[in-house]
Amino acid sequence: MSAARRILIAGNWKMNGLQADGVALASAVADKLKAAGDAAFDMLVCPPYTIIGAVAGAASGSGLAVGAQDCHIAEKGAHTGDISTAMLADAGCSFIIVGHSERRTDHGESDGDVKAKAEAVNAAGLKAVICIGETEAERDSGDTLNVVKTQIAGSVPDDATAENTVVAYEPVWAIGTGRTPTNDEVQEVHAFIRSELAAKLGQDTADGVRLLYGGSMNPGNASELLALADVDGGLIGGASLKADDFWAIAESCP
Ligand code: PEP
């Protein structure tokens, strides 16, 4: 891993967390981060919208960053039920996940939708965590690299920078299943993603963009995954809901 890329350990809480348990979880992680002092990694939690403000309060002063799981592309207006990037920044977010496979599947989000959201995130001065990854059928038919190539071409803004963009490779079949690709498979895809980013954005930018692995990362497999040359952190679902597990993953950083 390039010295310029700090590891990012990011938790996606999905639709989990009421005020009290969300604040308790964030406070526990924040306390560990504060006690660790000058940690060699960055940490991020992405709670549901309703508790972002409370979680941001709990994280304040600890270095724990707070993010959202989605956003609308418009700044404001007649979009009932939606949330803008400005609102999320105002609530305390510095990152927004876009294009998670659950949004692509449940809400029919296309690569074009994801790119527009990432552009809106960046325009608001926030960092986009852009999710990509193949389904099990696509992996089985040998299409993984083609799928990822298409997703990068379609989902990553043409002016993305290393500062405002993080890419998370999340094989859909590994999310929440306890299954993961082999370390060699993860490294192969991550190296390929970096080469595609280099072709699209230039080598310097590609060398600086953090590439997270996501899909059943846990305290048992994190140290091997995080040691891979082109893995610069993790996007973690289930294991981010327990402070001890989430922290154990962070402590596995090489
Ligand atoms: C995710 O949904 O982004 C994810 C990686 O979930 P899990 O860690 O539970 O597989």
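One-based numbering, in listed order, for ligands and for the atoms of each. Heads up: numbering here begins at 1 and tracks the sequence.
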Does D111 come within less than 4.0 Å of R104, counting only side-chain N to carboxylate O? yes
For the residue pair Y213 and H190, does the interplanar ring angle fall in the parallel (under 30°), tilted (30 to 60°) or perpendicular (over 60°) class? tilted
I'd like to check the side-chain hydrogen bond (donor to acceptor under 3.5 Å, both in side chains) partners of N221; sequence neighbours left out, ordered by chain and number. none
Residue list, side-chain hydrogen bond (donor to acceptor under 3.5 Å, both in side chains) with D204, at least two apart or on another chain: none
State which residues pass salt bridge (charged side-chain N to carboxylate O under 4.0 Å, His left out) with E109; sequence neighbours excluded, sorted by chain then number. R103, K117
If you count only heavy atoms, which residues are under 4.0 Å from ligand 1? N12, K14, H100, E170, A174, I175, G176, G214, G215, S216, L235, I236, G237, G238
Run the salt bridge (charged side-chain N to carboxylate O under 4.0 Å, His left out) check on K32 and E251 step by step: do they pass? CA-CA 11 Å; K32 288 175 191 291; E251 281 197 309; over 6 Å; no
